Each structure stands twice: as C-alpha cells, then as structure tokens.
Amino acid sequence: MTILVAIANDSVSPAVIETAVRLADGLGEELYVVHLVDEDTADGTAMQLRDEMRDRFRDTNVVATVAIEHVGRSAMRSGTRVGNELLELAADVDVQHIVMGHEPKGLAGKIRDGDAAVSVIDAADVPVTVVPESPSDI
C-alpha cells in the first residue's frame with residue numbers, strides 16, 4: 001500500500017512532505033508524491049518542484065515516487081476538481097492514506113474555487129491528514 005501526498009508550489013508543502021515522511025517511516029509504507037497541474041504539459045516551475053522533491057527523498061529512508069499529474073478540465077470549481085483528481089489517483093494507486101496541505105482562502109475563495117481538502121475529506125474512503133498553513137506563513 002501507498003501514502004498519496006499532494007504537493008503544490010506553496011508555503012505549506014514542506015510541512016506536508018515532513019508529515020508524510022514521518023507517517024511513511026512509522027508505518028513502513030511508500031509515498032506517491034504528486035504535483036497536480038492545470039496545463040496539458042508541465043511548465044518549468046512544475047518540473048523544478050518535481051526535481052527538488054526527488055532530491056529531497058534521496059536523503060530519507062522512505063521510498064518515494066514523485067510525479068506531475070495533469071488535472072482534467074471540467075465545469076467544477078478548481079478546488080473541487082483538484083480534490084476529485086486526488087481521489088481518482090488514490091483509487092488508481094491503491095492508497096491507504098492521503099496527506100495534503102490546506103491554505104485558508106476565506107469565504108469568497110471557497111465559494112468561487114471550492115476547497116480541495118474538504119472535497120477529499122468528504123469523499124475519501126481512507127484516512128486523510130490535512131496539514132494546515134503555519135501561522136508564521138500567514
């Protein structure tokens with residue numbers, strides 16, 4: 001089984017990675033680290049983040065696969081769409097746990113974009129660990 005780890009190019013991803021590494025180490029599980037992108041192809045920033053994550057895991061005892069996955073276009077709000085994509089990945093990869101971050105958007109942002117973390121929590125059939133943004137990052 002595997003722990004699915006959702007990362008982004010944001011301030012909460014380092015804490016998400018640290019939490020996932022501790023879980024994987026404690027449970028003896030592998031990680032599938034994924035960066036979801038809206039574009040059909042990953043840009044230089046996404047590929048740089050992927051490469052940095054691969055380097056990050058070389059220094060751990062945890063086995064990790066790091067990938068960039070495309071988020072399909074749909075009529076859903078972006079946060080909801082990301083949440084659904086993560087759930088589809090979880091089903092495809094035989095995931096036993098999901099680890100993801102959460103940055104507060106405020107009410108207007110939640111209404112406009114939806115909330116990926118809430119979408120995953122509501123529909124996941126495996127445990128979900130949501131790592132909040134650190135107060136010092138706000």
Side-chain angles (χ1 to χ4, degrees):
M1 293 258 195
T2 303
I3 298 172
L4 176 64
V5 184
I7 60 168
N9 196 11
D10 60 14
S11 62
V12 74
S13 284
V16 170
I17 294 297
E18 182 61 32
T19 300
V21 167
R22 287 194 323 250
L23 277 169
D25 191 40
L27 297 171
E29 299 294 341
E30 294 184 9
L31 298 177
Y32 183 71
V33 182
V34 63
H35 178 197
L36 297 175
V37 295
D38 281 324
E39 300 81 22
D40 288 334
T41 58
D43 66 4
T45 303
M47 290 187 287
Q48 180 181 354
L49 179 61
R50 178 202 57 204
D51 294 343
E52 288 172 4
M53 287 298 107
R54 286 179 176 165
D55 289 342
R56 161 72 170 85
F57 288 107
R58 284 192 183 107
D59 298 331
T60 68
N61 294 329
V62 174
V63 175
T65 301
V66 181
I68 298 172
E69 297 277 348
H70 171 69
V71 177
R73 300 266 182 223
S74 74
M76 285 185 237
R77 298 177 295 172
S78 61
T80 305
R81 187 175 69 229
V82 167
N84 286 342
E85 292 284 337
L86 287 172
L87 291 167
E88 287 179 21
L89 279 171
D92 291 345
V93 181
D94 192 25
V95 165
Q96 77 165 32
H97 198 111
I98 300 171
V99 180
M100 62 189 301
H102 176 70
E103 292 182 322
K105 300 181 198 180
L107 182 58
K110 285 180 187 177
I111 291 171
R112 181 185 65 244
D113 299 330
D115 192 309
V118 171
S119 296
V120 171
I121 292 167
D122 283 346
D125 58 358
V126 297
V128 179
T129 298
V130 178
V131 180
E133 183 177 46
S134 168
S136 64
D137 295 332
I138 299 175

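Worth saying up front: this structure is predicted, and the values here are computed from it rather than measured. For reference, positions follow the sequence shown, starting with 1.
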N61, CG: over 12 other non-hydrogen atoms inside 6.0 angstrom: no
What distance separates [X] [atom1] from [Y] [atom2], expressed to the nearest 0.5 Å?
X: H97; Y: T129; atom1: NE2; atom2: OG1; value: 2.5 Å
X: T60; Y: L31; atom1: OG1; atom2: CG; value: 7.5 Å
X: E30; Y: D94; atom1: CD; atom2: CG; value: 11.5 Å

Restricting to side-chain hydrogen bond (donor to acceptor under 3.5 Å, both in side chains), what partner residues turn up for [X], sequence neighbours left out?
X: S13; result: D10
X: E88; result: none
X: D125; result: none
X: H35; result: none

Test side chain to side chain contact (heavy atoms under 4.5 Å, CB included) applied to [X] - qualifying residues, sequence neighbours left out:
X: E52; result: Q48, L49
X: L27; result: I3, L23, E29, Q96
X: V118; result: D115, D122
X: A67; result: Y32, E69

Shortest non-hydrogen separation from [X] to [Y] and the atoms involved:
X: G83; Y: S119; result: CA-CB, 4.1 Å
X: R54; Y: V66; result: NH2-O, 3.1 Å
X: V131; Y: V12; result: O-CG2, 3.4 Å
X: V5; Y: A20; result: CG2-CB, 3.5 Å

I'd like to check V126 versus I98 (side-chain heavy atoms, cut-off strictly below 4.5 Å). Are they in contact?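 Yes, their side chains come closer than 4.5 Å.
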With side chains defined as the heavy atoms from C-beta onward, is the minimum distance between L86 and V34 less than 4.5 Å? yes
Pair T19, R22 - check side-chain contact (heavy atoms from CB on, under 4.5 Å), show working. CA-CA 5 Å; T19 300; R22 287 194 323 250; 4.1 Å; yes
Non-neighbouring partners of R56 that pass salt bridge (Lys or Arg N to Asp or Glu O under 4.0 Å), sequence neighbours left out: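 With neighbours one apart ignored, the set is E18.
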